[in-house]
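Structure, as structure tokens:
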Amino acid sequence: MIQSYGLHWHIDRVFWGRPGTLLGAASRSPKARPVDFRYQRGIYALYADYELVYVGQTGAKNDRLFNRLKCHKQDHLSERWNRFSWFGTQWVTTSGKLSADTANVSQSVEATLNILEAVAIAISEPRLNLQRGKWSEATKYFQWWDRSEPEEDEGDA
């Protein structure tokens, strides 16, 4: 069901221009190859710092993750979030591209419940949950950005 996910990515580390990119890598290594997740389908959460403020979905018809996030930068939520997490149904191919297909959702009840629990825990981070969830085959991706470019808040220091 969920094949890839990213947690607490920064809004300021997204390239919002045309065509826009949502880059992530499967490790934090400087040699990691970034993958563009802008066309991902799934569930996403918006945060003000680390406080959950909104949960949505993307993937109906031609709607994709980047477009939904870009809309939220301009709608009634625009000043209310600065981080986001996403949980996608598309996997990364061996060539480092986002798959065209989505995951098969006909898994066992146990596997499906494990994934749903993992997503719920990751989104809400309940303080009494010691377990972080069973992700099965899903791969976590870390936000990737060009570290040679100074971040906006670094110049203000």
Step-by-step side-chain contact (heavy atoms from CB on, under 4.5 Å) determination, Tyr5 to Thr139: CA-CA 6 Å; Tyr5 65 100; Thr139 302; over 6 Å; no
Evaluation steps, side-chain contact (heavy atoms from CB on, under 4.5 Å), between Gln143 and Val14: CA-CA 9 Å; Gln143 191 171 21; Val14 173; 3.8 Å; yes
Taking all heavy atoms of [X] and all of [Y], pick out the closest pair and write down the distance.
X	Y	answer
Ala25	Arg33	CB-O, 4.0 Å
Thr21	Phe66	N-CE1, 3.9 Å
His72	Asp75	ND1-OD2, 2.8 Å

For Tyr39, all residues meeting ring pair (Phe, Tyr, Trp, His ring centres under 6.0 Å), sequence neighbours excluded: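 By the ring pair (Phe, Tyr, Trp, His ring centres under 6.0 Å) rule, Tyr39 matches no residue at all.
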Spacing of [atom1] belonging to [X] relative to [atom2] belonging to [Y], to within rounding of 0.5 Å:
X	Y	atom1	atom2	result
Ile115	Gln3	CD1	CD	8.0 Å
Met1	Ile43	CE	CD1	8.5 Å
Leu69	Ile11	CG	CD1	8.0 Å

SB check Asp36 Arg38 (cutoff 4.0 Å):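 Answer for the salt bridge query: yes.
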Would a 4.5 Å heavy-atom cut-off, applied to side chains only, mark [X] and [Y] as touching?
X	Y	answer
Phe37	Trp9	yes
Tyr44	Ser85	no
Leu77	Val53	no
Tyr141	Val92	yes
Leu22	Phe84	yes
Arg83	His10	yes

Given 3.5 Å as the limit, does a donor-acceptor pair link the side chain of [X] with the main chain of [Y], or not?
X	Y	answer
Asp49	Glu51	no
Thr58	Arg68	no
Lys70	Trp16	yes
Ser4	Phe87	no
Gln90	Ser99	yes

Transitive ILVMFWY cluster of Leu23, excluding itself - 4.5 Å side-chain cut-off: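 In the cluster with Leu23 are Trp144.
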Regarding [X] and [Y], do their side chains bring together a donor and an acceptor under 3.5 Å, going by distance alone?
X	Y	value
His76	Tyr54	no
Ser27	Ser29	no
Asn82	Asp12	no

Flag if over 12 foreign heavy atoms under 6.0 Å of CD, Glu79: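 Result for CD/Glu79: open.
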Verify the cluster assignment for [X] and [Y]: are they in a single hydrophobic cluster under the rule of side-chain heavy atoms below 4.5 Å apart?
X	Y	answer
Trp145	Val35	no
Leu46	Leu52	no
Tyr47	Leu7	yes

Residue pair Gln40, Leu98: steps toward the side-chain contact (heavy atoms from CB on, under 4.5 Å) verdict: CA-CA 8 Å; Gln40 185 60 274; Leu98 196 59; 3.6 Å; yes
side-chain contact (heavy atoms from CB on, under 4.5 Å) between Ile123 and Val55, intermediate numbers included: CA-CA 8 Å; Ile123 287 174; Val55 176; 4.0 Å; yes
